[in-house]
J.: 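Here it is, the structure in full.
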Amino acid sequence: MATGITMSANGTLIIPDDPIIPIIAGDGVGPDIWNASKPVFDTAVEKAYGGKRKIEWLPVRAGEDCWKEIGEFVPQATMDAITKYRVALKGPLSTPVGKGFRSVNVLLRRLFDLYACIRPCNHIPGVPSPVKDPDAVDMVIFRENTEDLYAGIEWDAGTPEAAQLIELIEKLSGKEVRKDSSIGIKPISETGSKRLVRMAIQYAIDHKLPSVTLVHKGNIMKFTEGGFRRWGYECAAQEFGDVTITEEELWKTYNGEAPAGKIVIKDRITDAMFQQILLRPREYSVLAMPNLNGDYMSDALAAQVGGLGMAPGSNVGDGYAIFEATHGTAPKYTGLDKINPGSMILSGALMLDFLGWKEAADLIRSGIAKAVAKKTVTYDLARQMEGATEVKCSAFGKAICDNM
C-alpha cells in the first residue's frame with residue numbers, strides 16, 4: 001500500500017519505497033507532456049529496482065484551467081495534498097502579463113516556503129545550441145525564490161498608495177520621483193540570503209564542485225543586492241570556514257591554485273556575469289543569486305544548452321519540494337501531442353535524485369541522451385538537426401523508455 005513521505009525529528013525526509021507524489025499536469029500543453037512523461041518515470045523506476053520501488057501518482061489541480069472550471073487557482077485539496085506528501089511534480093501554469101492574478105507558480109513557492117529555485121544547466125550531446133561549445137556549460141543556479149521584486153509588493157501609477165509612497169520616498173531620500181510612477185518594493189533579507197547561499201554551498205560540498213559564485217548588482221543596489229553579497233560571504237566564512245576560501249585568498253595566499261577540498265567563493269556583477277557564462281563558462285560551477293537575476297540567468301543558460309524544452313527545474317525548501325517544467329504553457333499546441341516533454345522528464349529525474357533514487361534518475365538521463373544521439377526527437381529539435389526523425393511528444397517519451 002502506497003504511503004507518504006514523512007519528516008524525522010531531526011528534519012530529514014523519510015522516503016518509503018512506494019511514495020505518493022502529487023502531480024499537477026498544468027495548463028495548455030501540460031497534460032500532453034505529463035502523458036508522455038509518466039511512462040518514462042514508471043519505466044525507469046521499474047527497470048532500476050525490479051518492482052521493489054514504485055511511485056503512486058496523485059493527480060491534483062492548479063492553474064488557469066482550474067480557475068475557469070471551479071473558480072480557484074490552487075484548491076485547498078491541492079494544498080492539503082502537497083502539505084501531506086511533501087514532494088510534488090508539476091507542468092507549466094499560466095501567468096498573465098500586466099493584469100489578473102500574479103502567478104500560481106509564485107504562490108506555490110510562497111505557500112510552502114520553497115526558497116531555492118535550483119536549475120542545473122548542462123548540455124546533452126547532440127542537442128542543437130546557438131553557442132560554439134555548449135559542452136563547456138555545466139552550472140547549477142540557486143535562485144532565491146521568495147523575496148526581491150517577486151514579493152509582489154507594488155502599486156499602480158495614479159493610486160493613492162503610490163502617491164503616498166512617492167511622498168514618503170521624497171521625504172526620506174530627498175530624491176524626486178515622477179508623480180505618474182508605479183512603485184514596487186524590493187525586499188532582500190539576511191535570513192533569505194543566507195539560507196539560499198547555505199544550500200548552494202552545501203550542494204557544492206555534496207557534489208565536490210570547485211566554486212560558488214554570488215551574482216548580484218551590488219554596485220548599484222548597495223543595500224539589497226549588496227546585502228546579498230555581504231551576507232553570502234558571511235555565511236561562507238561563519239558556517240563553512242573550514243572548507244571555503246574567498247577568491248581574494250585564492251590568489252593572495254595560494255597563487256591561484258585552490259587547495260584540495262576547498263571551495264572558492266567568488267562574486268560577480270550580474271551584467272558582467274552574463275558575459276562570463278558565454279565567454280568563460282568553464283570557470284563556474286554553482287551560482288547563487290537573488291530572485292530576478294536568477295530568473296534572467298537561468299533562462300539564458302538554458303538557451304546555451306538547447307532551450308527551455310530541455311531545462312529541468314526544482315523549488316526546494318525545508319521539508320518540501322516541487323519539481324517543474326520550466327517552460328510556458330504554449331497554448332497554440334494544446335492537445336496536439338507535439339511539444340517537447342524533456343523539461344518535465346528531466347525535472348522528474350531531479351525529483352528522483354532528491355528521493356535518493358539516483359539509479360532511476362540516471363536511467364532517464366541515459367535514455368534521453370541515447371534518443372537524442374539517434375536523432376529521434378520532437379519538432380523543436382528536429383528542425384535544427386540534419387537527418388533527424390521528428391516524433392510526437394508521446395513518441396519521444398517512448399523513445400526514451402526504449403533507450404534506457
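All heavy atoms count here, side chains included; hydrogens, waters and symmetry mates do not.
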J.: Check for a donor-acceptor pair, side chain of S173 on one end and backbone N or O of I169 on the other, with a separation under 3.5 Å.
T.: yes
J.: Going by an N to O cut-off under 4.0 Å, is there a salt bridge joining D18 and K54?
T.: no
J.: Given side chains that start at C-beta, do those of F112 and N315 come closer than 4.5 Å, heavy atoms only?
T.: no
J.: Less than 4.0 angstrom from a charged side-chain N to a carboxylate O is my criterion; do K175 and E170 meet it?
T.: no
J.: Does the ring of F323 carry K90 above it, NZ/CZ under 6.0 angstrom from centre and within 45° of its axis?
T.: no
J.: Before you tell me yes or no, could you show the steps for D138 and R282 under salt bridge (Lys or Arg N to Asp or Glu O under 4.0 Å), namely the whole-Å CA-CA distance, both residues' side-chain angles and the distance that decides it to 0.1 Å?
T.: CA-CA 7 Å; D138 190 3; R282 296 186 190 276; over 6 Å; no
J.: Heavy atoms, side chains only, cut-off 4.5 Å: are I82 and I322 in contact?
T.: yes
J.: Quick one: does T78's side chain have a donor or acceptor within less than 3.5 Å of a partner on A62's backbone?
T.: no
J.: Are the side chain of R268 and the backbone of V215 linked by a donor-acceptor contact shorter than 3.5 Å?
T.: no
J.: When rounded to the nearest 0.5 angstrom, what distance separates CG in N340 from CD1 in I345?
T.: 7.5 Å
J.: Aromatic ring centroids of F142 and Y115 under 6.0 Å?
T.: no
J.: Tell me whether Q275 at atom CD has more than 12 heavy atoms from other residues, nucleotides or ligands lying less than 6.0 Å away.
T.: no
J.: Measuring from atom OG1 of T146 to atom CG of N291, what distance do you get when rounded to the nearest 0.5 angstrom?
T.: 7.5 Å
J.: Nearest 0.5 Å please: distance from the OH atom of Y296 over to the CE atom of M289.
T.: 13.0 Å
J.: Hey, are K252 and E249 close enough for a salt bridge, meaning a charged N less than 4.0 Å from a carboxylate O?
T.: no
J.: Parallel under 30°, tilted from 30 to 60°, perpendicular over 60°: which one fits the rings of F41 and W34?
T.: tilted
J.: For the pair E324 and R109, find out whether any cationic side-chain nitrogen is under 4.0 Å from an anionic carboxylate oxygen.
T.: yes
J.: Atom CD of residue position E176 - does it have more than 12 heavy atoms of other residues, nucleotides or ligands inside 6.0 Å?
T.: no
J.: Is any side-chain N of the basic residue among D271 and K217 closer than 4.0 Å to the acidic one's carboxylate O?
T.: yes
J.: Tell me, with the steps shown, if Y49 and E359 meet side chain to side chain donor-acceptor pair (under 3.5 Å).
T.: CA-CA 8 Å; Y49 308 114; E359 299 85 356; 2.6 Å; yes
J.: Out of curiosity, N145 CG to L114 CG, how far, rounded to the nearest 0.5 Å?
T.: 7.0 Å
J.: Side-chain contact, heavy-atom cut-off 4.5 Å: F354 with S314?
T.: no
J.: Can you find a heavy atom in the side chain of V106 that is under 4.5 Å from one in the side chain of L108?
T.: no
J.: Considering all heavy atoms of both residues, which atom of Q304 and which atom of P134 are nearest to each other, and what is their separation?
T.: O-CB, 3.5 Å
J.: Are there more than 12 heavy atoms of other residues, nucleotides or ligands under 6.0 Å from atom CD of E257?
T.: no
J.: Check ring pair (Phe, Tyr, Trp, His ring centres under 6.0 Å) between Y233 and all other residues, then give those that pass, not counting sequence neighbours.
T.: none
J.: Taking it one step at a time, do D17 and R53 satisfy salt bridge (Lys or Arg N to Asp or Glu O under 4.0 Å)?
T.: CA-CA 5 Å; D17 287 335; R53 289 175 171 171; 3.2 Å; yes
J.: With a distance cut-off below 6.0 Å to the six-membered ring centre and an angular limit of 45° from the axis, does R143 pair with Y150 as a cation-pi contact?
T.: yes
J.: Which atoms form the tightest heavy-atom contact between P290 and D148, and what is the distance?
T.: CB-OD2, 3.8 Å
J.: Take atom CD of E167 as the centre, draw a 6.0 Å sphere, and report whether it contains more than 12 heavy atoms from other residues, nucleotides or ligands.
T.: no
J.: Roughly how far apart are I277 CD1 and Y284 OH, rounded to 0.5 Å?
T.: 10.5 Å
J.: Within the side chain of N255, is there an N or O that forms a donor-acceptor pair under 3.5 Å with the backbone of W251?
T.: no
J.: Looking at E248, I want to see if its CD is surrounded by more than 12 non-hydrogen atoms of other residues, nucleotides or ligands under 6.0 Å.
T.: no
J.: Within the structure provided, determine whether M344 and S37 are in side-chain contact (heavy-atom separation under 4.5 Å).
T.: yes
J.: What are the two closest non-hydrogen atoms of L308 and A302, and how far apart are they?
T.: CD2-CB, 3.9 Å
J.: With side-chain contact (heavy atoms from CB on, under 4.5 Å) as the test, would you mind laying out the steps for L301 and L287 before giving the verdict?
T.: CA-CA 11 Å; L301 272 172; L287 311 179; 4.1 Å; yes
J.: For K186, is the NZ atom crowded, meaning more than 12 foreign heavy atoms sit under 6.0 Å from it?
T.: yes
J.: Under 3.5 Å, is there a donor-acceptor pair between the side chain of T43 and the main chain of V40?
T.: no
J.: Can you tell if the side chain of I70 reaches within under 4.5 Å of the side chain of P75, non-hydrogen atoms only?
T.: yes
J.: Going by an N to O cut-off under 4.0 Å, is there a salt bridge joining K358 and D353?
T.: no
J.: Would D80 and K84 pass as an ion pair if we require N to O under 4.0 Å?
T.: no
J.: Going through the checks in order, is the side-chain contact (heavy atoms from CB on, under 4.5 Å) test met by H327 and I33?
T.: CA-CA 11 Å; H327 55 72; I33 64 174; 3.8 Å; yes
J.: Please determine whether the number of non-hydrogen atoms from other residues, nucleotides or ligands lying under 6.0 Å from atom CZ of F223 exceeds 12.
T.: no
J.: Say whether, by atom type as modelled, one donor and one acceptor occur between the side chain of D180 and the main chain of A157 under 3.5 angstrom.
T.: no
J.: Can you tell me if T334 uses its side chain to pair, donor with acceptor, with the backbone of P331 under 3.5 Å?
T.: yes
J.: Could you walk me through whether M7 and T12 pass side-chain contact (heavy atoms from CB on, under 4.5 Å), step by step?
T.: CA-CA 6 Å; M7 181 175 281; T12 58; over 6 Å; no
J.: One pair to check against side chain to side chain donor-acceptor pair (under 3.5 Å): E147 and S189. What are the steps and the verdict?
T.: CA-CA 8 Å; E147 299 188 323; S189 70; 2.5 Å; yes
J.: Closest approach of V45 and I55, non-hydrogen atoms and distance?
T.: CG2-CD1, 4.4 Å
J.: Can you tell whether the side chains of D299 and R119 come within less than 4.0 Å, N to carboxylate O?
T.: yes
J.: If you take all heavy atoms of V391 and F396, which pair is closest and at what distance?
T.: CG2-N, 3.7 Å
J.: Is the closest side-chain heavy-atom distance between I263 and P210 below 4.5 Å?
T.: no
J.: Are E190 and R195 within salt-bridge range, i.e. N to O under 4.0 Å?
T.: no
J.: Are any non-hydrogen side-chain atoms of Y379 and Y333 less than 4.5 angstrom apart?
T.: yes
J.: Determine the minimum heavy-atom distance between T378 and E390, stating which atoms define it.
T.: C-CG, 4.3 Å
J.: How far does CE of M139 sit from CG of L209, to the nearest 0.5 angstrom?
T.: 12.0 Å
J.: Salt bridge check, E69 against R61: does any charged N sit closer than 4.0 Å to a carboxylate O?
T.: yes
J.: Under a plain distance cut-off of 3.5 Å, with no hydrogens placed, do H216 and N293 share a side-chain donor-acceptor pair?
T.: no
J.: Just list the side-chain donor-acceptor pairs under 3.5 Å for residues 368-376, sequence neighbours left out, or say none.
T.:
unit_1	atom_1	unit_2	atom_2	d
K374	NZ	N403	OD1	2.7
K375	NZ	E386	O	2.7

